[in-house]
Amino acid sequence: MPEGHTIHKIAKDHSKLLVGRPIGVSSPQGRFAESAMRIDGAFLNRIEPRGKHLFYEWDSGEVGHVHLGLFGKFRVQVGPTLNDPIGEVRMRLTTETETAEIVTIDLSGPTICSLDAPDVRISILARLGPDPLRRNSKPDRMIDKIRASDRGIGDLIMDQSVVAGVGNVYRAEALFVLGIHPLKPGREFEVDELEALWETIRTMLRRGVSDGRIVTVSRDEVGIGRGRPIPREEATYAYKRDHCLKCGDEIRRIEIANRICYFCPTHQAR
DNA sequence: AACTCATGCGAAT
DNA sequence: TTCGCCTGAGTTT
């Protein structure tokens, strides 16, 4: 599930349910139990998304940190009763709404779930590149880093210190839309091409936040009218496909930055 | 029941 | 460059 859009959507949705109330914090699975005890019953002031990280500002002054990694998931339940956790639940947040409904948010499988002093958040933010989903964030640092590098663009945009929030799907799809070969070296880019890349990434991520899933194709090109949902297999042009959604050419796959990068040799010539 | 794969990332080699 | 870690869904034996 998790690229930057997932994290920002979670922050939005969960904030509505949790912020400004006392929160029960526990760890059914046990691995977050010591930390959970320290904030159990505390008020939550804010959930801040940044790239693929979530920061929880607790009234106690400590800062929760969650990173979903590849497998992490949240399960949200709102109802009259408190349900038993399903599977391995590292952190459980519970509260009650004005209408006396029970809110339960269960986190399973995260790479990081910790409770830290505030400076930990500061040092993590310091090593993240600009986040296209943040209001007013600018691409300058991303552009400078890319143009100063010999590494390929497909390597660079998955690097969270270059841009924060792009993962394997948006990497493939953003490069596809702009017709950029994933191995093109950073040094060979002009500024306006990278400004276009920033805008493309930002637009795709925003759409991901509002859709709650990754859809990068335009409905016109796929020939699916509004009203009908776009099936998963047709939601991307190149990612995880055998054939390009536009031209039918065989999609190539090469490993870049530990992950398979999908691209269309016709649309993204060297 | 076993095996494979996944929208991630840092540490070890 | 490879390995390990976190978990669950889907597929194959």
Side-chain angles (χ1 to χ4, degrees), chain A residues 1-11 27-33 35 49-54 64-76 84-92 105-114 116 120 123-129 131-133 151-152 154-177 182-183 200-217 230-242 251 253-263:
Chain A
M1 307 292 300
E3 292 192 29
H5 70 297
T6 309
I7 274 50
H8 282 256
K9 178 157 176 39
I10 285 168
S27 179
Q29 172 236 40
R31 290 183 49 186
F32 184 65
S35 303
R50 198 69 84 83
K52 298 174 188 170
H53 299 261
L54 286 164
H65 178 206
V66 168
H67 190 293
L68 294 178
L70 199 47
F71 314 131
K73 273 185 187 57
F74 280 102
R75 181 194 310 270
V76 178
D84 288 337
I86 299 169
E88 301 289 305
V89 175
R90 182 84 60 87
M91 175 176 75
R92 162 168 275 200
I105 296 184
D106 287 337
L107 169 65
S108 66
T111 282
I112 295 170
C113 175
S114 62
D116 310 309
V120 172
S123 62
I124 291 163
L125 294 186
R127 60 177 161 75
L128 290 180
D131 178 346
L133 284 175
R151 293 156 62 200
D155 184 8
L156 286 162
I157 61 173
M158 282 264 287
D159 180 340
Q160 301 300 298
S161 70
V162 174
V163 219
V166 174
N168 203 24
V169 184
Y170 287 122
R171 160 173 79 175
E173 295 295 297
L175 296 179
F176 175 91
V177 163
L183 293 179
T200 299
I201 290 169
R202 196 214 284 268
T203 304
M204 282 185 175
L205 283 167
R206 280 183 179 156
R207 185 171 175 198
V209 174
S210 56
D211 290 359
R213 66 180 187 121
I214 300 178
V215 179
T216 60
V217 300
I230 297 175
R232 210 185 223 289
E233 319 79 63
E234 287 166 55
T236 55
Y237 292 110
Y239 175 77
K240 222 167 199 184
R241 296 186 57 83
D242 292 331
I251 292 297
R253 19 186 102 190
I254 42 174
E255 191 164 313
I256 305 175
N258 272 323
R259 316 296 302 282
I260 297 168
C261 184
Y262 302 79
F263 69 99

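Since the model is a prediction, treat every value here as computed from it, not as a measurement. First the proteins, then the strands, lettered A, B, ... as listed; each starts at 1.
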(message) Students often get this wrong, so: under 4.0 angstrom with heavy atoms, is A/Gly208 touching a base, only sugar-phosphate, or nothing?
(response) nothing
(message) So if I take every side-chain heavy atom of A/Arg259 and compare against C/dC3, C/dT7, B/dA6, which nucleotide ends up nearest?
(response) B/dA6
(message) Is the phosphate of B/dT7 approached by A/Arg232 (side-chain N or O, under 4.0 Å from OP1 or OP2)?
(response) no
(request) With P as the reference atom in both, quote the distance from C/dT13 to B/dC5 in angstrom, rounded to an integer. (result) 12 Å
(message) Taking only side-chain N and O atoms of A/Gln29, does any of them lie within less than 4.0 angstrom of OP1 or OP2 on C/dT7?
(response) yes
(request) For B/dT4 and C/dC3, measure between their P atoms and round to the nearest Å. (result) 16 Å
(message) Should A/Phe71 be counted as stacked on C/dC6, where stacking needs a ring-centre gap under 5.5 Å and an angle between planes under 30 degrees?
(response) no
(request) Check the pair A/Ile124, A/His65 against side-chain contact (heavy atoms from CB on, under 4.5 Å), reporting the backbone distance first and the verdict last. (result) CA-CA 10 Å; A/Ile124 291 163; A/His65 178 206; 3.3 Å; yes
(message) I'd like the P distance from B/dA12 over to C/dC6, given in whole Å.
(response) 15 Å
(request) Please determine if a side-chain N or O atom of A/His67 lies less than 4.0 Å away from the OP1 or OP2 oxygen of B/dC9. (result) yes
(message) Please classify the nucleic acid contact of A/Glu255 as base, sugar-phosphate, or nothing, using heavy-atom distances under 4.0 Å.
(response) nothing
(request) Mind checking A/Arg75 for me? I need base, sugar-phosphate or nothing, with any heavy atom below 4.0 Å counting as a touch. (result) nothing
(message) If you only use heavy atoms from C-beta on, which nucleotide in B/dA6, B/dG10, C/dC6 is closest to the side chain of A/Arg90?
(response) C/dC6
(message) Would you measure the distance from the P atom in B/dT13 across to the matching atom in C/dC5 and give it in whole Å?
(response) 12 Å
(message) Please pick, from B/dG10, B/dA6, B/dG8, the nucleotide with the shortest atom-to-atom distance to any side-chain atom of A/Tyr262.
(response) B/dA6
(request) Starting from P on C/dT7, measure out to NZ on A/Lys73 and report it in whole angstrom. (result) 12 Å
(message) For a quick test of reading the model: is some side-chain N or O of A/Arg31 closer than 4.0 Å to OP1 or OP2 of C/dC6?
(response) yes
(request) Tell me yes or no: between the side chains of A/Asp131 and A/His8, is some donor less than 3.5 Å from an acceptor? (result) yes
